[in-house]
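Structure first, then comments.
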Amino acid sequence: MNELEHTTESVAKRLQLCLPRLAPQLTNPFAPLAELALDSIDTVELLCVIHDEFCVRLTESEFNPRQTVGGLLSLIAREARRI
């Protein structure tokens, strides 16, 4: 397992712990964010946890409906390592 995969897995586990209600939706890395059925409160909560836990602020273009769960986790992992 390379470093990014391990970090991506760690990001997924932390998000699932912080957002247990959304945990089942965050398990399929190939699912587009649009398929997660997140309402506006879920989206804000997810973005806040990403910022609080990883010090990563995502732009609207980075957090878009076509992005997959795996792509989002990889992006968070990359950005978190820059800090």
Side-chain angles (χ1 to χ4, degrees):
M1 179 180 308
N2 70 34
E3 182 181 342
L4 181 60
E5 288 172 341
H6 176 72
T7 305
T8 301
E9 185 177 308
S10 299
V11 169
K13 286 180 183 177
R14 279 177 68 184
L15 286 177
Q16 290 167 352
L17 287 173
C18 292
L19 300 165
R21 187 170 50 83
L22 298 179
Q25 295 150 299
L26 298 172
T27 58
N28 180 359
F30 303 106
L33 295 177
E35 290 181 11
L36 298 184
L38 302 176
D39 62 21
S40 58
I41 293 172
D42 292 333
T43 301
V44 169
E45 186 177 18
L46 178 58
L47 290 171
C48 287
V49 167
I50 291 168
H51 180 258
D52 292 346
E53 291 293 314
F54 306 102
C55 297
V56 172
R57 287 189 189 259
L58 298 176
T59 65
E60 197 172 311
S61 64
E62 292 169 329
F63 192 84
N64 70 63
R66 293 183 309 275
Q67 172 80 281
T68 63
V69 170
L72 177 65
L73 297 174
S74 294
L75 176 63
I76 295 166
R78 277 193 312 271
E79 293 298 316
R81 276 190 277 147
R82 290 183 184 178
I83 297 171

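Worth knowing before you read on, the calculation uses all heavy atoms, side chains too, and leaves out hydrogens, waters and symmetry mates.
When every heavy atom of Ala31 is checked against every heavy atom of Leu36, the shortest pair comes out as CB-CD2, 4.5 Å. The two residues Gln16 and Leu26 have their closest heavy-atom pair at NE2-O, 3.6 Å. The shortest heavy-atom contact between Pro32 and Pro65 is CB-O, 3.7 Å. Closest approach of Leu73 to Ala12, counting heavy atoms only: CD1-CB, 3.7 Å. Heavy-atom minimum distance, Phe30 versus Thr68: O-CG2, 3.8 Å.
Once rounded to the nearest 0.5 Å, the distance linking OG1 of Thr8 with CG of Leu75 reads 10.0 Å.
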*Given the rule in the side-chain contact (heavy atoms from CB on, under 4.5 Å) test, do Val69 and Leu33 qualify, once you have shown the distances and angles that lead to the verdict?*
CA-CA 6 Å; Val69 170; Leu33 295 177; 4.3 Å; yes
For Asp42 and Asp39, run side-chain contact (heavy atoms from CB on, under 4.5 Å): C-alpha distance rounded to whole Å, both residues' side-chain angles, the deciding distance at 0.1 Å, then the answer.
-> CA-CA 5 Å; Asp42 292 333; Asp39 62 21; 3.2 Å; yes
Give the table of side-chain donor-acceptor pairs shorter than 3.5 Å for residues 45-58, with sequence neighbours excluded, one pair per line with atom names and distance.
from	atom 1	to	atom 2	distance (Å)
Glu45	OE1	Arg21	NH2	2.8
His51	NE2	Arg57	NE	3.4
His51	NE2	Arg57	NH2	3.4
Glu53	OE1	Arg14	NH2	3.1

